[in-house]
Each structure stands twice: as C-alpha cells, then as structure tokens.
Amino acid sequence: MKPKVLVTREVFDETLEFLARACEVESNQRDIPLSPGQLAQRLADKQGVVCSLTDRIDENLLHDCPQLKVASNIAVGYNNIDLAACTARGVMATNTPGVLDDSTADLAFTLMLATARRLTEAEAYIRAGQWQGWHLKQLLGVDVHHATLGIIGMGRIGQVIAKRALGFEMRVIYHNRARLASDIERRLKATYVSKDELLAQADFVVLQVPYAPQTHHLIGGAELKKMKPSAILINSTRGGVVDDAALIRALKNGTIRAAGLDVFEDEPKFNPGFLELKNVVLVPHIGSSTEATRRAMAMTAAKNAVAALTGGTPPNLLNPEAKSKA
Ligand code: DGY
C-alpha cells in the first residue's frame with residue numbers, strides 16, 4: 001500500500017505528479033487555508049504532510065496524527081514547525097534550503113533600491129496625476145552604490161546579498177553568530193563587526209536571521225536608536241525579528257530614514273500604522289516568489305517527503321534523531 005500524503009496548500013502539477021508516483025496524495029488545490037482542526041482531521045490517517053509556513057506543526061497536531069512520519073515544509077524557514085515535538089514523536093521535519101537563495105537575495109536588493117530611490121512613492125505620485133514636470137529637487141533619494149551595507153545573519157542568503165553588493169561597489173560589514181572563514185570574507189569583501197558597530201555604521205541594515213525565540217525583536221526601539229538617522233532597514237527574513245510597533249515609531253519620528261519590508265509580525269494581519277507612512281515599502285512575503293524558485297521549492301519538499309516515506313533519508317532532514325525513531 002502506498003503511504004498517504006496531504007498537501008496542505010495549492011502546488012504545481014509536477015509536484016503532485018511526482019508525489020503520486022510513490023504516495024496516495026490528497027491535495028488542497030483549492031488553496032483554502034486549513035484551520036488547525038481541519039488540518040488535524042485531514043492528517044489523521046496520513047503518514048506525510050507537505051506543508052507551508054502558514055501551517056502550525058506543533059504538539060497538539062502531532063498528538064492527533066499518530067501515523068505521521070514526515071512534515072515537509074515548502075520553505076527554508078521552519079519556525080512554524082515545533083522541531084523538538086517532531087523529534088520526540090519520531091516525525092522527520094524537512095525544509096527547502098538553497099533553491100531560494102538567489103531569488104530571496106534579489107528581493108532584499110529590490111527593497112533596498114526601492115526604499116533608497118522612493119520607488120513606490122514616486123509611482124503613486126505619477127499615477128495620481130501630480131507630476132507637473134522635471135525639477136531638480138524632485139523625490140530626492142539616497143545612493144545604494146558605494147554605501148555601507150550591514151548584513152545581520154550571514155548564512156547562505158546573507159552571503160548571496162553580499163555578493164550582489166560587490167556589483168554596487170558597496171562596503172559590506174556583517175554580524176553573525178559565528179565569524180565566516182577568512183577566504184569567504186575575502187571573496188565577499190565583508191568585514192565582521194559587532195552588532196552595535198554594524199547598527200552605528202550601516203547605511204542599509206539587512207536582516208537575514210531565522211526567526212526563533214533568541215531572535216524575537218532582535219531589532220526594537222533601542223537598536224533603531226543606534227542606527228543613523230539616514231539609515232534604511234530591510235526585513236526580508238521573518239516577521240517578529242523586528243518590533244513592528246517600534247519601527248513605526250522610528251519611521252514617524254525620523255529615528256531612521258526608511259524601511260523595506262517583505263515580512264511582518266502576525267502576517268497577514270500587519271500593523272496598520274505602516275499604511276500611513278510614505279517612507280516604507282511594503283510587499284506581501286514574496287521574497288522567494290518567482291515561478292522557477294517556487295516550483296523548485298515545491299519539488300524539493302516533495303522529494304524530501306517521498307524519501308522519508310520510502311525508507312530513505314530526506315536530503316534536507318532537520319532532525320536526524322527522528323529517523324531512528326520513525
Ligand atoms: C522561506 O522559505 O522561508 C520563505 O520565507 C518562503 O517564501
């Protein structure tokens with residue numbers, strides 16, 4: 001008998017075709033978000049779940065789904081999954097690292113450029129019919145080229161952002177849990193500094209740390225005050241890493257110049273205070289959203305699930321200890 005898998009949100013046809021070769025597949029192709037109760041109900045007889053970052057895979061759910069062997073997230077971030085609970089119950093958890101690094105780095109750069117050059121404000125102005133003609137001081141922005149870029153979180157995606165910065169001739173400083181090997185620092189022309197030095201020196205502060213209790217409100221009122229009044233903050237990693245209410249205050253009172261945000265606390269219900277501000281560029285968690293990348297993420301998740309359900313080791317297994325219990 002084939003193992004049973006639930007795909008919690010709409011995926012691509014090729015993802016379903018791949019899964020169906022090895023599994024009996026039930027898919028929510030109508031893409032109606034499942035409540036925790038509906039998710040538990042539909043997973044009760046399944047061995048696998050291909051889930052998204054909007055699904056909570058926690059102890060309550062695992063308790064109700066004793067047959068579950070694998071939770072395969074279609075995302076690199078996995079703060080929606082309680083890894084310890086999965087491990088305790090012998091449920092393998094997987095994510096999709098690597099395939100989205102370039103697209104996510106591109107979006108971080110898009111936000112840097114858009115905030116620095118006031119792109120959404122300029123577009124709103126022209127669409128509103130306010131443009132009367134060229135003038136010297138119109139919509140003055142700041143330069144990205146030759147500016148100082150401070151990256152907090154220098155994992156794979158942070159390093160790809162630093163690589164992009166070389167083309168803009170930026171000075172790159174970074175802060176990370178562990179300092180990079182010196183050959184990587186040399187290749188990226190990136191200098192390791194303390195978090196406080198980074199906040200004090202950077203023209204652009206880009207956050208690329210995962211969300212975890214230790215990174216909750218990593219940037220709050222105190223950190224925003226350490227930034228230059230001319231600085232721009234980019235959050236394209238996870239909501240909750242920034243204290244959004246503190247950021248709104250800082251943007252209102254000129255503590256920093258601007259912000260570019262792809263992610264929010266409590267998304268999709270984000271703080272409405274952002275909508276009143278011109279100096280913030282807002283996009284709805286689209287960091288990895290190119291067709292090629294989202295296809296690659298879904299297929300990576302499908303491959304992880306099939307490997308786990310056919311006795312193999314998923315390529316992106318987050319909790320190897322769970323496999324021995326499975
Ligand atoms: C991830 O993979 O964690 C991204 O946020 C999804 O777009």
Side-chain angles (χ1 to χ4, degrees), residues 1-100 156 210-212 238 288 293-326:
M1 227 169 53
K2 286 180 170 178
K4 291 183 181 170
V5 164
L6 175 71
V7 183
T8 65
R9 300 295 298 267
E10 184 184 13
V11 289
F12 300 96
D13 289 349
E14 75 265 12
T15 325
L16 293 180
E17 284 158 17
F18 179 84
L19 283 166
R21 281 186 227 144
C23 308
E24 199 179 302
V25 186
E26 181 180 317
S27 176
N28 177 16
Q29 286 300 90
R30 289 172 64 208
D31 208 30
I32 299 165
L34 301 174
S35 68
Q38 290 166 328
L39 187 58
Q41 199 180 20
R42 292 177 72 167
L43 271 181
D45 64 340
K46 307 287 187 304
Q47 288 76 50
V49 60
V50 175
C51 53
S52 81
L53 50 84
T54 55
D55 303 307
R56 287 219 63 75
I57 309 294
D58 57 15
E59 176 52 28
N60 286 342
L61 180 89
L62 297 176
H63 175 269
D64 292 341
C65 308
Q67 298 195 34
L68 206 63
K69 293 277 164 276
V70 61
S72 176
N73 221 25
I74 311 182
V76 66
Y78 52 88
N79 54 303
N80 57 310
I81 298 181
D82 182 338
L83 210 55
C86 284
T87 306
R89 290 187 171 271
V91 175
M92 290 182 255
T94 65
N95 68 341
T96 63
V99 293
L100 45 72
R156 280 184 324 271
Y211 180 76
R238 272 293 180 275
S288 60
T293 294
R294 288 281 166 94
R295 281 185 190 275
M297 288 165 67
M299 190 53 90
T300 302
K303 287 183 178 166
N304 283 325
V306 168
L309 294 172
T310 54
T313 300
N316 309 113
L317 182 57
L318 294 164
N319 54 347
E321 318 87 278
K323 188 166 155 44
S324 46
K325 292 193 179 179

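Just so it is clear, the structure is predicted and the values come from calculations on it, not from any experiment. Numbering of residues begins at 1 and proceeds along the displayed sequence.
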Shortest non-hydrogen contact between A44 and Q67, atoms and distance: O-NE2, 3.9 Å
Give me the atom names and distance for the closest heavy-atom approach of G312 to P314. O-CD, 3.7 Å
Please examine the side chains of K4 and C23, heavy atoms only from C-beta on, and report whether any two atoms are closer than 4.5 Å. no
For T300, what residues pass the side-chain hydrogen bond (donor to acceptor under 3.5 Å, both in side chains) criterion, not counting sequence neighbours? none
Determine, stepwise, if the pair R238 / L53 fulfils side chain to side chain contact (heavy atoms under 4.5 Å, CB included). CA-CA 11 Å; R238 272 293 180 275; L53 50 84; 3.6 Å; yes
Quick one: CG on L19 to OG on S72, what's the gap to the nearest 0.5 Å? 8.5 Å
Where the side chain of T96 meets the backbone of A75, is there a donor-acceptor pair that is under 3.5 Å apart? yes
In plain terms, say whether E59 and R89 are close enough for a salt bridge, that is, a side-chain N and a carboxylate O under 4.0 Å apart. yes
In this structure, are over 12 heavy atoms from other groups packed under 6.0 Å from K46 atom NZ? yes
Do N73 and N80 have side-chain N/O donor and acceptor atoms under 3.5 Å apart? yes
Are T8 and D55 close enough that a side-chain donor and a side-chain acceptor fall under 3.5 Å? yes
Give a yes or no answer on whether the side chain of N304 reaches the backbone of N316 with a donor-acceptor pair at less than 3.5 Å. yes
Validation row: V49, V70 side chains within 4.5 angstrom (heavy atoms): no
Could you tell me whether the side chain of D82 and the main chain of C86 form a donor-acceptor pair under 3.5 Å? no
Nearest-0.5 Å distance that lies between atom NZ in K323 and atom CG in L317: 8.0 Å
Within-4.5 Å side-chain heavy-atom neighbours: V5 and Q47: no
Can you list the steps and then say if L6 with V50 is a side chain to side chain contact (heavy atoms under 4.5 Å, CB included)? CA-CA 6 Å; L6 175 71; V50 175; over 6 Å; no
Under the criterion side chain to side chain contact (heavy atoms under 4.5 Å, CB included), I'd like the reasoning laid out for L43 against L68: C-alpha separation, chi angles, the key distance, then a yes or no. CA-CA 8 Å; L43 271 181; L68 206 63; 4.1 Å; yes
Mind checking the CE-CE spacing from M297 to M299? Nearest 0.5 Å is all I need. 14.0 Å
Identify, with sequence neighbours excluded, every residue that meets side-chain hydrogen bond (donor to acceptor under 3.5 Å, both in side chains) alongside T293. S103, T290
Nearest heavy-atom contact between R56 and L39 is O-CD2, 4.2 Å
Got a donor-acceptor contact below 3.5 angstrom from the S52 side chain to the I74 backbone? no
Polar side-chain atom of N319 near backbone of A93 as donor-acceptor pair, under 3.5 Å: yes
Rounded to the nearest 0.5 Å, what's the gap from CD1 on I32 to CD on Q38? Could you check? 9.0 Å
Test T94 against L318 for side chain to side chain contact (heavy atoms under 4.5 Å, CB included), laying out the working first. CA-CA 5 Å; T94 65; L318 294 164; 5.5 Å; no
CG of D13 to OG of S27: how many Å apart, nearest 0.5 Å? 9.5 Å
Heavy-atom side-chain proximity of L61 to P36 below 4.5 angstrom: no
First locate atom CG of D58, then atom CD1 of I81, and finally report the distance between them rounded to the nearest 0.5 Å. 10.5 Å
Side chain to side chain, L62 and V91, heavy atoms closer than 4.5 Å: yes
Nearest heavy-atom approach of P315 to A307 is CD-CB, 4.3 Å
For R9, the side-chain hydrogen bond (donor to acceptor under 3.5 Å, both in side chains) test, sequence neighbours excluded, returns D31, T54
Can you give me the closest heavy-atom contact between V306 and F18, atom names plus distance? CG2-CE2, 3.7 Å
Counting distance only, does the side-chain N/O of T87 pair as donor-acceptor with the main-chain N or O of L83 below 3.5 Å? yes
Can you tell me if E10 and Q29 form a side-chain donor-acceptor pair at under 3.5 Å? no
